[in-house]
Amino acid sequence: MSFQISIGGFIAVYIFMVTAFAGWVIIGRVPAILHTPLMSGSNFVHGIVVVGGIFTLLNASTPLEQAIGFVAVLLGAGNVAGGFAVTQRMLAMFQTSGHPTKHPKHAKRAALAAVKSISPKKA
Amino acid sequence: MLITISQLIIGSVDLIAAFLLMFGLWRMASPVTAPSGILVAGVGMLAAVVASFLYVFTVDAVAKPHLPLNIGLAAAALIIGAGVAWWCGRKVAITAMPQAVALFNGMGGGAAGAIAAVELFGSQTHGVGPLVVTLLGALIGSISLSGSVIAWAKLDALLKKPLHVPGLQIFNGVVLLACLMVGAYIVFAAVGGAAPVLTMPHLIEIFFGIALLYGILMTLPIGGADMPVVISVYNAFTGLAVGLEGFVLQNPALMIAGMLVGAAGLLLTLLMAKAMNRSVAKILFASFGPGKKRKQGAIKGSLKPVQASDAGIFMRYAKSVIIVPGYGLAVSQGQGKLYDFVKLLQAAGVSVKFAIHPVAGRMPGQMDVLLAEAGVPYDLIVQLADVNEEFKDADVALVIGANDVVNPEARTDKTSPIYGMPILNADQAKKCYVVKRGDGKGYAGIVNPLFYADNTFMVYGDAAAVCVSMTEAVRGLGAPAAAA
């Protein structure tokens with residue numbers, strides 16, 4: 001038994017077609033307020049290219065292939081890590097009036113504002 | 001046996017990862033579920049990366065002797081690349097988010113291009129079909145890499161002005177055509193239909209060189225306010241390149257993730273272009289030329305300047321205020337100060353909302369993120385379609401650092417360059433305050449009749465400074481009963 005994956009031309013087109021439709025539907029649900037995190041999030045998703053980079057580098061057999069493969073993994077890893085870091089940071093900032101201060105930075109700022117409002121600065 | 005087991009594990013983990021990535025994006029449908037969505041996607045990604053090291057058991061006999069070095073290189077590249085990018089991603093200011101996203105996106109495109117380069121230099125792809133797909137992925141990935149770097153430089157204000165050279169668009173077309181022809185020649189030479197004039201490595205080098213050059217040339221003429229569209233386009237490009245290389249490597253997880261992002265980028269691109277009422281082709285291949293002059297009809301009325309403190313006190317006694325923030329607010333870093341003022345108004349019983357235009361800022365939804373960073377709850381932030389009817393019932397529209405998105409000319413004047421663009425109806429509010437640094441024109445370079453309307457008053461000054469004066473003026477009235 002072999003688990004070698006083999007995707008012929010037509011199957012590939014089918015996969016692309018179905019995924020494109022799915023992507024269109026999934027992304028269409030995202031509200032405009034989240035479009036920046038969505039963009040950096042989808043940016044993170046295509047960072048999976050790093051997996052292809054690792055595969056290519058492990059199979060490299062000449063110095064040139066090793067050098068380019070190294071660059072591929074380097075850039076792919078940057079894409080993944082950077083994309084995740086900024087997306088996660090941005091999403092942590094969104095909050096409702098209901099539960100105001102989950103974010104530590106905001107909790108601090110809210111506390112400062114509260115202190116200020118009690119003792120107004122004399123200008 | 002070992003090969004079969006590794007293939008089984010890699011296949012299963014990639015399948016799960018592909019599902020988790022899609023599910024993560026699915027959870028982006030609401031600000032409540034989105035933070036867990038990105039974590040879910042992150043777990044999937046981590047699993048896929050760890051599992052990919054099992055490929056060591058499947059390498060060919062040719063690569064076997066190099067394996068120890070290759071594993072070391074892969075680990076080093078992962079640690080350096082991820083470490084540096086993680087650190088940058090944590091440090092970067094939220095206002096600089098468009099640059100960061102452009103840069104990380106370019107890295108993805110570069111990675112896809114590099115994978116294609118290894119395949120091509122190693123002559124690992126056989127047959128016309130796979131070869132064409134590899135070259136196409138290489139072309140799109142390279143354009144995305146160099147284009148994103150230029151976009152980053154523009155957003156980071158390293159490159160100040162869009163480049164306007166007559167005939168540049170035609171030249172760009174020739175460059176792209178040349179690239180496609182070199183690619184076609186590579187295919188012919190590889191399948192033996194043509195005798196190579198140059199050696200294969202040279203042809204491949206030329207192909208990548210032209211592709212990278214095209215990405216630079218294509219992005220240089222595009223102006224700052226069109227950047228939301230450009231970033232979306234390159235995001236889609238990178239996704240597409242990753243998907244195509246996924247096919248070459250026979251990795252369905254890459255195909256699915258890449259195509260998913262391709263569709264996402266396309267959808268966002270179309271949304272942005274629609275919000276600007278310009279076609280994607282026009283944004284990418286024609287810029288607002290400085291030469292196209294148009295006579296604007298005489299504008300009735302005059303500019304009426306008022307003090308920031310007066311504007312602040314007026315809003316304190318209004319019932320409802322709708323704020324229209326624009327890029328100028330972000331430039332002056334006034335979001336936090338604006339929200340301080342809003343909190344005072346809310347404490348005094350004024351209903352306050354933020355109305356966001358889809359193209360406010362330098363990337364789709366950037367203004368929403370900037371307000372979120374300042375601590376504004378997202379239920380106060382409303383989008384154009386949901387808020388536009390409410391302007392006519394609002395006492396005050398406070399336009400702060402925005403211009404073209406509130407220009408009523410877009411509704412009425414057919415000759416206007418922004419005619420047909422959906423705008424925020426700030427002119428329909430009972431009173432309109434416009435906070436602006438000076439009498440400058442907006443990005444489109446046209447005079448805004450809103451500023452001259454009878455019910456509009458101009459507050460001149462830096463957005464952040466104006467917010468501070470308004471806050472002080474309202475505080476000076478004494479604490480209202482509602483606020484303890």
Side-chain angles (χ1 to χ4, degrees), chain A residues 3 5 7 9 12 15-16 19-20 23-24 26-27 29-30 32-33 35-36 38 40-43 45-49 51-61 65 68-79 81-88 90-91 93-97 106 120, chain B residues 7-8 11 21 25-26 28-29 31 34-35 38 42 48 52 55 59 62-63 70 73-74 77-78 81-82 85-86 89-90 101 104-105 107-108 110-112 114-115 117-118 122 238-239 242 247 249-250 254 256-257 259-261 263-264 267 364-366 368-369 372-373 375 377-379 383:
Chain A
F3 293 100
I5 293 170
I7 304 161
I15 291 178
F16 282 145
T19 314
W24 190 272
I26 292 173
I27 305 308
R29 299 164 74 239
V30 179
I33 189 170
H35 274 172
T36 294
L38 166 68
S40 71
S42 61
N43 190 6
V45 166
H46 69 50
I48 197 165
V49 69
V51 169
I54 293 172
F55 173 80
T56 310
L57 177 54
L58 291 177
N59 282 289
S61 51
E65 286 176 20
I68 306 175
F70 180 79
V71 173
V73 178
L74 192 73
L75 292 176
N79 185 179
F84 183 83
V86 295
T87 310
Q88 198 262 335
M90 281 193 282
L91 286 175
M93 287 169 182
F94 284 90
Q95 51 189 328
T96 59
S97 316
H106 294 144
Chain B
Q7 280 172 346
L8 175 64
L21 290 176
L25 283 181
W26 178 261
M28 284 249 184
I38 187 68
S52 68
Y55 281 126
V59 293
V62 201
N70 287 351
L73 282 175
L78 261 184
W86 181 268
R90 287 274 138 200
V101 171
F104 295 142
N105 180 51
M107 286 180 168
I115 291 172
V118 173
T238 304
V242 171
F247 170 67
L249 299 176
Q250 295 283 300
L254 256 70
I256 288 177
M259 203 60 205
L260 198 65
V261 179
L267 181 64
Q366 192 196 0
D368 302 288
V369 173
E373 189 204 11
Y378 57 78
D379 42 325
Q383 307 297 324

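All chains are named by letter (A, B, ...) in the order of the sequence lines, taking the proteins before the strands, and each is independently numbered beginning at 1.
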Might you work through the side-chain contact (heavy atoms from CB on, under 4.5 Å) test for A/Asn43 and B/Val261, ending with a clear yes or no?
CA-CA 7 Å; A/Asn43 190 6; B/Val261 179; over 6 Å; no

Run the numbers on A/Leu38 and B/Leu25 for side-chain contact (heavy atoms from CB on, under 4.5 Å), then give the verdict.
CA-CA 8 Å; A/Leu38 166 68; B/Leu25 283 181; 4.2 Å; yes

According to side-chain hydrogen bond (donor to acceptor under 3.5 Å, both in side chains), who are the partners of A/Thr87, at least two apart in sequence or on a separate chain?
A/Ser40

Find the distance between NE2 (A/His46) and CG (B/Leu260) and round it off to the nearest 0.5 Å.
11.0 Å

Nearest atoms (heavy-atom pairs only) where A/Gly78 meets B/Ala85:
O-CB, 3.2 Å

In Å and rounded to the nearest 0.5 Å, what is the CD to CD1 distance from A/Gln88 to B/Ile38?
8.0 Å

Out of A/Ala77, A/Gly23, A/Gly76, return the one with the most heavy atom pairs under 4.5 angstrom to chain B.
A/Ala77

Heavy-atom pairs under 4.5 Å with chain A - which of B/Ala82, B/Ala257, B/Gly110 has more of them than the others?
B/Ala82

The residue among A/Ile48, A/Val51, A/Leu58 that forms side-chain contact (heavy atoms from CB on, under 4.5 Å) with B/Ser52 is A/Val51

Flag the one option from B/Ala77, B/Gly11, B/Gly122 with the top tally of heavy-atom pairs under 4.5 Å to chain A.
B/Ala77

With distance as the sole test, does B/Gln250 use its side chain to make a donor-acceptor pair with the main-chain N or O of A/Ile7 at under 3.5 Å?
yes

Give the member of A/Arg29, A/His35, A/Glu65 that has the highest number of heavy-atom pairs under 4.5 Å with chain B.
A/Arg29

Quick check on A/Ile54 against chain B: is it the side chain, the backbone, both or neither that has a heavy atom closer than 4.5 Å?
side chain

Pair B/Met28, A/Ile27 - check side-chain contact (heavy atoms from CB on, under 4.5 Å), show working.
CA-CA 8 Å; B/Met28 284 249 184; A/Ile27 305 308; over 6 Å; no

Pairs of heavy atoms under 4.5 Å with chain B: top-ranked of A/Gly47, A/Ala60, A/Gly9, A/Gly69
A/Ala60

Sorted by chain and residue number, the side-chain hydrogen bond (donor to acceptor under 3.5 Å, both in side chains) partners of B/Asn70 (sequence neighbours excluded) come out as A/Gln66

If the plane angle is over 60° it's perpendicular, under 30° parallel, otherwise tilted; pick one for B/Tyr55 and A/Phe55.
perpendicular

Heaviest contributor of heavy-atom pairs below 4.5 Å to chain B, chosen from A/Val73, A/Val30, A/Thr56, A/Val49, is A/Val49

Check whether any side-chain heavy atom of A/Ile15 lies under 4.5 Å from a side-chain heavy atom of B/Ile256, and answer yes or no.
yes

Could you check whether any side-chain N or O of B/Asp379 sits under 3.5 Å from a backbone N or O of A/Thr96, counting only pairs where one atom can act as donor and the other as acceptor?
no

In short, A/Ala85 meets B/Trp86 closest at the heavy-atom pair CB-CE3, 3.9 Å

Going through the distances and angles, do B/Gln383 and A/Ile33 end up as a side-chain contact (heavy atoms from CB on, under 4.5 Å)?
CA-CA 8 Å; B/Gln383 307 297 324; A/Ile33 189 170; 3.7 Å; yes

Smallest separation among heavy atoms of B/Phe104 and A/Val86, with atom names
CE1-CG1, 3.9 Å

Quick check: closest heavy atoms across A/Ser61 and B/Ala63, and the distance to 0.1 Å?
CB-CA, 4.2 Å

Atom CE of B/Met259 and atom CH2 of A/Trp24: how far apart are they, to the nearest 0.5 Å?
11.5 Å

In terms of heavy-atom pairs under 4.5 Å with chain A, the winner among B/Leu73, B/Leu21, B/Leu249 is B/Leu73

Is a donor on one side and an acceptor on the other found under 3.5 Å between the side chain of A/Thr36 and the backbone of B/Gln366?
yes

In terms of heavy-atom pairs under 4.5 Å, which option from A/Gly83, A/Ala20, A/Ala81 contacts chain B the most?
A/Ala81

When the 4.5 angstrom heavy-atom criterion is applied to B/Tyr378 and chain A, the contacting part is both

